[in-house]
Amino acid sequence: MEIAPGVSGQITTTYPAAMYMLRNTPEKFAKDPVHWAALRSGQVPADSPALPLLQRRPNALWMDGPAHARLRQSITDSLSRVDTHALATSVTRVADTLIDAVAPLGHADLVTDFGDLLPTLVLIDLFGGTPELSRHIVVALRTLFEAGPDAVQANHDLEAACRHLVHLKRHDPDQDVTSWLLAHSARLTNDEMVQQLVLIFGAASQPSTMLITTALVLMLDDDRFAGTVYDGVLPVGDALDDVLWEDSPVANYCPLYPRHPTTYENVPLHPGIPVLVSFAAANTDPHLAAYADRRAGNAAHLAFSAGVHGCPAPDLARIICETAVERVLDRLPDLTLTHSRHELPRRPGWFLSGWASVPVTFPPSPTLAATSPGAR
């Protein structure tokens, strides 16, 4: 398969294949792109839009063995210190600010006006960043994952923003995730800190954008979720589960490298050639169809990956996404899609899956400040 012009590899197509590779990392499959033969030999174009998403970085995603364990531990230990109640409060505050900006207008785009912004703004709050940094990171991440002609520049912009945040927190630490990473016993270098932040922002922001907006579309345009209270409508949590199974926000990623020539289901796998994991194909594998009616609350999907490189904080992601969706529905109860979901444009690129635009209308309403007891 062609990952990008001039960049080729293989991809999994079934749930068992994805699980086999993820569970056998790093024993049979390496994560470190040092094993990527085309990259070693200079065959990957320097301006390839795939390179920023597949290149070697000194963070937990791209390391194996003890090096991976050290970097991952710094992330899991730091994220474990996050107060989940404070996180939900932060999500609500950010959501209200974004909703207030469109509430009086009576129309909005749930992607550009809400979903694209909320996860990164919440993360910036958690990591002790500034509003100016958040603006740079929002734009850079979206451009990076679209894997278009501006991806290389977006990668530079993202790294520069993360480097600035590391500089701020080395000189002025506080009770935030960046400061906790800096103080961790792993003693991360500046380069490691920058790339750890790139990893966390990348893994937690745009995939959360896809999850939030796709769940909102389901709540508005799917009879299972968009009915009335008399219809026994399913809750937001079930909508999130449906998205994670049926439209995995990270559709295809997690490149792995066979350590030795091998075959799987009669397909030859060669060292040096990246094999991407298709989480979308795994979760919608026809062999799992018999379990489709038992997916609510079922975390056997691979939307958060699996094995040693699985998402270190899926519960935090659920809190962010569920709180965000519920806040939109609470604040804008008569929200209506301007087009059916079958007419909405999809996000470009094939690393992420979701909507590029979700225009909606609703009765104009005042901002929270205008309805507060002290407002005049």
Side-chain angles (χ1 to χ4, degrees), residues 1-41 43-44 48 50-51 53-56 60-65 68 72 145 147 203 207 210 241-295 298-311 314 346 349-354:
M1 63 165 289
E2 187 175 66
I3 299 173
V7 180
S8 61
Q10 295 176 284
I11 191 167
T12 64
T13 58
T14 67
Y15 187 94
M19 286 299 293
Y20 172 77
M21 296 189 67
L22 294 170
R23 284 177 171 170
N24 283 284
T25 302
E27 293 79 15
K28 295 181 179 179
F29 299 94
K31 198 72 176 66
D32 193 336
V34 72
H35 297 276
W36 189 3
L39 186 63
R40 288 199 313 268
S41 61
Q43 296 178 35
V44 179
S48 171
L51 190 57
L53 290 169
L54 302 180
Q55 70 185 22
R56 192 176 197 266
L61 182 62
W62 301 110
M63 297 294 169
D64 296 304
H68 164 258
R72 182 180 173 89
F145 275 102
M210 303 295 101
D241 287 333
D242 190 87
V243 175
L244 293 170
W245 275 102
E246 297 295 330
D247 194 1
S248 179
V250 180
N252 311 288
Y253 201 45
C254 195
L256 298 168
Y257 302 89
R259 291 190 177 276
H260 307 284
T262 185
T263 59
Y264 180 81
E265 297 291 336
N266 297 318
V267 176
L269 305 175
H270 304 287
I273 298 178
V275 184
L276 271 64
V277 176
S278 178
F279 303 108
N283 292 339
T284 57
D285 189 332
H287 292 94
L288 303 180
Y291 304 98
D293 60 345
R294 286 178 277 169
R295 287 180 172 175
N298 185 339
H301 59 76
L302 298 183
F304 292 119
S305 192
V308 296
H309 287 279
C311 175
R346 297 293 293 185
W350 54 271
F351 289 107
L352 296 181
S353 178

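Throughout, numbering of the chain's residues begins at 1 and tracks the sequence.
Residues K31 and C254 form a side-chain contact, since some pair of their non-hydrogen atoms from C-beta on lies under 4.5 Å apart. The side-chain heavy atoms of R23 and K28, taken from C-beta on, include no pair separated by under 4.5 Å. Side chains of L256 and P274 form no contact here, defined as non-hydrogen atoms less than 4.5 Å apart. Put simply, the side chain of M21 reaches to within 4.5 Å of the side chain of V275, judged on heavy atoms. Within the 4.5 Å cutoff, no side-chain heavy atoms of T14 are placed close to those of H287. In this structure, Q10 and V267 have side chains that are in contact, with non-hydrogen atoms separated by less than 4.5 Å. You'll find the side chain of L53 reaches within 4.5 Å of the side chain of Y253, heavy atoms only. At a threshold of 4.5 Å between non-hydrogen side-chain atoms, the residues P33 and H35 do not count as touching.
For the pair V250 and S248, the tightest heavy-atom approach, listed with the atom from each and the gap, is O-OG, 3.0 Å. In terms of heavy-atom proximity, R56 sits nearest to V34 at NE-CB, 4.1 Å. Across every non-hydrogen atom of P258 and L269, the tightest pair is CG-CB, 3.8 Å. Nearest heavy-atom pair, L54 versus W36, reported as atom, atom and distance to 0.1 Å: CB-CZ3, 3.8 Å.
Counting heavy atoms of neighbouring residues, nucleotides and ligands inside a 6.0 Å radius, atom CZ of R40 exceeds 12 of them.
Atom CG of residue L22 and atom OG of residue S305 lie 4.5 Å apart, to the nearest 0.5 angstrom. Taking CG of N24 as the start and CZ of R259 as the end, the distance is 11.5 Å to the nearest 0.5 Å. Taking NE2 of H260 as the reference point, atom CZ of F29 lies at 10.5 Å (rounded to 0.5 Å). Once rounded to the nearest 0.5 Å, the distance linking CD1 of I3 with CG of N252 reads 10.0 Å.
One N or O on the side chain of N283 and one on the backbone of L244 form a donor-acceptor pair closer than 3.5 Å. Judged by distance alone, the side chain of D64 and the main-chain N or O of D32 form a donor-acceptor pair under 3.5 Å. Judged purely by atom type and a 3.5 angstrom limit, T263 has no side-chain atom pairing as donor or acceptor with the backbone of N266.
For F304, the ring-ring contact (aromatic ring centres under 6.0 Å, His included) partners two or more places apart in sequence, or in a different chain, are H301. Every residue was checked against the ring-ring contact (aromatic ring centres under 6.0 Å, His included) condition with F279, not counting sequence neighbours, and none meets it. Applying the side chain to side chain donor-acceptor pair (under 3.5 Å) test to Q55 and every residue at least two apart in sequence or in another chain returns nothing. Applying the side chain to side chain donor-acceptor pair (under 3.5 Å) criterion to S353, with sequence neighbours excluded, gives D247, R346. Shown here are the side chain to side chain contact (heavy atoms under 4.5 Å, CB included) partners of A18, two or more places apart in sequence or in another chain: T12, V277, A282, L302. A search for side chain to side chain contact (heavy atoms under 4.5 Å, CB included) contacts involving S48 returns A4, V7, V44, P45, A50, L51, not counting sequence neighbours.
Taking the six-membered ring where the residue is Trp, the centroids of F351 and F145 are separated by 6.0 Å or more.
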